[in-house]
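These notes are about the structure you will find just below.
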Amino acid sequence: MEKAELELGRSATSAKIFSNRTTVGIFLASLVLYGLYILQSLKQGATSPKAALHSYQQGNFTWTTCHGNFSCSTLEVPVDYHSENSATFNISLIRLKATKEPYKGPLFINPGGPGGSGVSFVLRVGDVLSRWVQGHYDIIGFDPRGIGESKTIRCFNDGIENKFFMANRPPYVGEGENPANFAIVREALVNQCFKKSGDFLPFVSTAMVARDLDALREAFGQEYTNYLGLSYSTFLGATYMNMFPDKVGKVVLDGVLDPRAFSGEIFGPLDSTFRHTDDVVDAFGAACEVAGPGKCALAHPDKALAINGKHYVAPTIRKFLKELALRPILANSTGKPFITEADATQVLFTTTYKVVMWPDTAKAFADAIFHGDGTALANLLSSAESERCPLTEAYSLGTAPVLCIDGHHDDHNNLTAWEDGIRKAGSSSPLFAPLMGWEFLSCLYWPVKAAERYAGPWNKKTSNKVLIVGATGDPVTPVENAKFLEELMGGSGVFFQHEGWGHCSLGQPSKCTLRTIRDYFVHGLVPKKGSGCSMETEPFEEIVETAMDDVSFSDLHRMADAIPFFK
């Protein structure tokens, strides 16, 4: 790999993975052991070296039954791939085994985030994924380094200490709020994380996770990596494809981040991510008006707070949010006894991900706007707490550990510059860009740089063609990103357009897109350039359930529920 393609947090001389002498010794020892293994296998009746190799590679894992039909294991990897004496840790894995021949190997899954657990995702929807690819793959979920059970980044001694700290966090910086009060809490949180996990923080970049993914490929004894990446994990996919272009197998990227923006200045993702988010709110409102009051609780023009041309639902929601900034409302919920502007905005943002949520969200906003009752909004916002006094710290950093070191904030290096960046980003999405801009504030105080980061080029010729899926109404990964990645890849990727609202092709799923992705994974069929699928269901309309290959719309909605939110 050319040195210019990677930025390393050390000198080039210390970036050698192994010395030549060590490499030769390991190679010769491995060769001798492998030869002895083959001889022993042949004595026991092994029919071919290929069969013996498969058995040998399986020896890299100790699989134990977990969670019913799943099996769990780990893979030991170095913290720093560029140091001979690096400490190691275990990547957490979960597997749902293939059920049909021909066996096509492992299919690695990452649900996005960054900060999403691949183990949890596969545990929730592995059965759907397996049926989707007709049982020909082992479905493999892995927790990226720093996440879940893969050396989780910790900031506190225990869960109770974490809760005490977060209880003192001021609300989102809304109208009339003092940004300095919010900023000092973020700075304190970052300092706390650095005290507990500072030695590990430089090593959780996407480039390092890409190396872990390739280590998994090698440990499984595979020539190529098969991978399904959703949302942020499309950036992981793009990084892997360009760091290891000759190892790319069947790869689907659905809900694409612009890799140049995500690896660049910190406000780049805001500009490229929220380009259509407010448009989805307008689509939600227009669909509600068409559906009428029998199907959408907000479809009451006589109760509208505002009207813009012929539309009234989206303008009413926007007017209500402005009023909340000055006058929050109460909610009959012990977990969330009141609703602020930030709370309601968060519910609305969540709703843009999944069309199936639109009726419930409309009912919750109708209760709040027409009756002053924030209970339904609070119920949508809050999840039930399993422990009031948890012993284990909840992961509360969101995207920060990865986002802050994959990119940079050279142009926004103080709070005043940050506020200016948020104001400019608000021109693309007045509703949501400020909310996310303040969520990213931790990066202003992030005390480390990546030990290794990948920032291009993005046009390496891959060993197999990649399928790039973009939804026309995606609120956080605009379809333009998918088209642009196809151009960047210079013939190694094919863009496929999914007509629908919501995040990824799962936000408003279609059997047509489902079939296209299945045929790619199972039969190696790459769709023609410029092809796509039209919308098959309408918002606020009841879905007629028709299964295809035992995968239903309910299954796909369950997958959409499991995708982590960008925060």
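Bear in mind the structure is a predicted one, so any value in this text is a computation, not a measurement.
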Should [X] and [Y] count as side-chain neighbours, where that means a heavy-atom distance under 4.5 Å?
{"X": "Phe521", "Y": "Lys104", "answer": "no"}
{"X": "Lys460", "Y": "Ser492", "answer": "no"}
{"X": "Trp501", "Y": "Trp358", "answer": "yes"}
{"X": "Lys151", "Y": "Arg145", "answer": "no"}
{"X": "Thr361", "Y": "Phe365", "answer": "yes"}
{"X": "Leu213", "Y": "Tyr227", "answer": "yes"}
{"X": "Phe108", "Y": "Phe220", "answer": "yes"}
{"X": "Tyr353", "Y": "Val280", "answer": "no"}

Exercise for the section: Output, in order, the C-alpha distance, side-chain angles, deciding distance and verdict of side chain to side chain donor-acceptor pair (under 3.5 Å) for Asn226 and Tyr137. Expected result: CA-CA 9 Å; Asn226 303 312; Tyr137 290 86; 4.9 Å; no

Exercise for the section: I would like to know whether Tyr232 and Thr477 meet side chain to side chain donor-acceptor pair (under 3.5 Å); could you show each step before the answer? Expected result: CA-CA 9 Å; Tyr232 150 77; Thr477 51; over 6 Å; no

Exercise for the section: For a side-chain contact (heavy atoms from CB on, under 4.5 Å) with Ile139, tell me which candidate from Leu107, Val128, Ile94 qualifies. Expected result: Leu107

Practice task
Check whether the ring centres of Phe200 and Phe89 lie less than 6.0 Å apart, and answer yes or no.
Solution key: yes

Exercise for the section: Assess the pair Phe432 and Phe274: is the distance between their ring centroids shorter than 6.0 Å? Expected result: no

Charged N to carboxylate O below 4.0 Å: is that the case for [X] and [Y]?
{"X": "Asp555", "Y": "Arg131", "result": "yes"}
{"X": "Asp282", "Y": "Arg318", "result": "yes"}
{"X": "Glu223", "Y": "Arg217", "result": "no"}

Handout entry: Within 45° cone and under 6.0 Å: Lys529 NZ/CZ vs Phe495 ring
Key = no

Handout entry: Partner of Thr513 under side chain to side chain donor-acceptor pair (under 3.5 Å), chosen from Glu499, His498, Gln508, Gln497
Key = His498

Problem - Sole candidate of Asp410, Asp406, Asp411 that passes side chain to side chain donor-acceptor pair (under 3.5 Å) when paired with His408 - result: Asp410

Problem - Crowding at CD, Glu149 (>12 non-hydrogen neighbours, <6.0 Å) - result: no

Practice task
For atom NZ of Lys336, decide whether the heavy atoms of other residues, nucleotides or ligands shown that lie under 6.0 angstrom number more than 12.
Solution key: yes

Side-chain donor/acceptor pairs under 3.5 Å, residues 248-259, sequence neighbours excluded:
unit_1, atom_1, unit_2, atom_2, d
Asp254, OD1, Ser505, N, 3.1
Asp254, OD2, Ser505, N, 3.3
Asp254, OD2, Ser505, OG, 2.6
Asp258, OD1, Arg260, N, 3.0

[X] (side chain) donor-acceptor with [Y] (main chain) under 3.5 angstrom:
{"X": "Thr273", "Y": "Pro269", "answer": "yes"}
{"X": "Ser197", "Y": "Phe194", "answer": "no"}
{"X": "Ser233", "Y": "Leu230", "answer": "yes"}
{"X": "Thr234", "Y": "Ser231", "answer": "yes"}

Practice task
Determine, step by step, whether Ser71 and Arg95 satisfy the side chain to side chain donor-acceptor pair (under 3.5 Å) criterion, reporting the C-alpha distance in whole Å, the side-chain angles of both residues, the deciding distance to 0.1 Å, and the verdict.
Solution key: CA-CA 5 Å; Ser71 51; Arg95 176 183 67 176; 3.1 Å; yes

Handout entry: Any pair counted as disulfide bond (SG atoms under 2.5 Å apart), so long as it reaches residues 428-457, sequence neighbours left out
Key = Cys404-Cys443

Problem - Residue pair Lys354, Asp360: steps toward the salt bridge (Lys or Arg N to Asp or Glu O under 4.0 Å) verdict - result: CA-CA 11 Å; Lys354 295 169 287 188; Asp360 288 342; over 6 Å; no

Handout entry: Partner set under disulfide (SG to SG under 2.5 Å) for Cys288, not counting sequence neighbours
Key = Cys296

Practice task
Determine, stepwise, if the pair Thr340 / Asp343 fulfils side chain to side chain donor-acceptor pair (under 3.5 Å).
Solution key: CA-CA 5 Å; Thr340 66; Asp343 296 330; 3.1 Å; yes

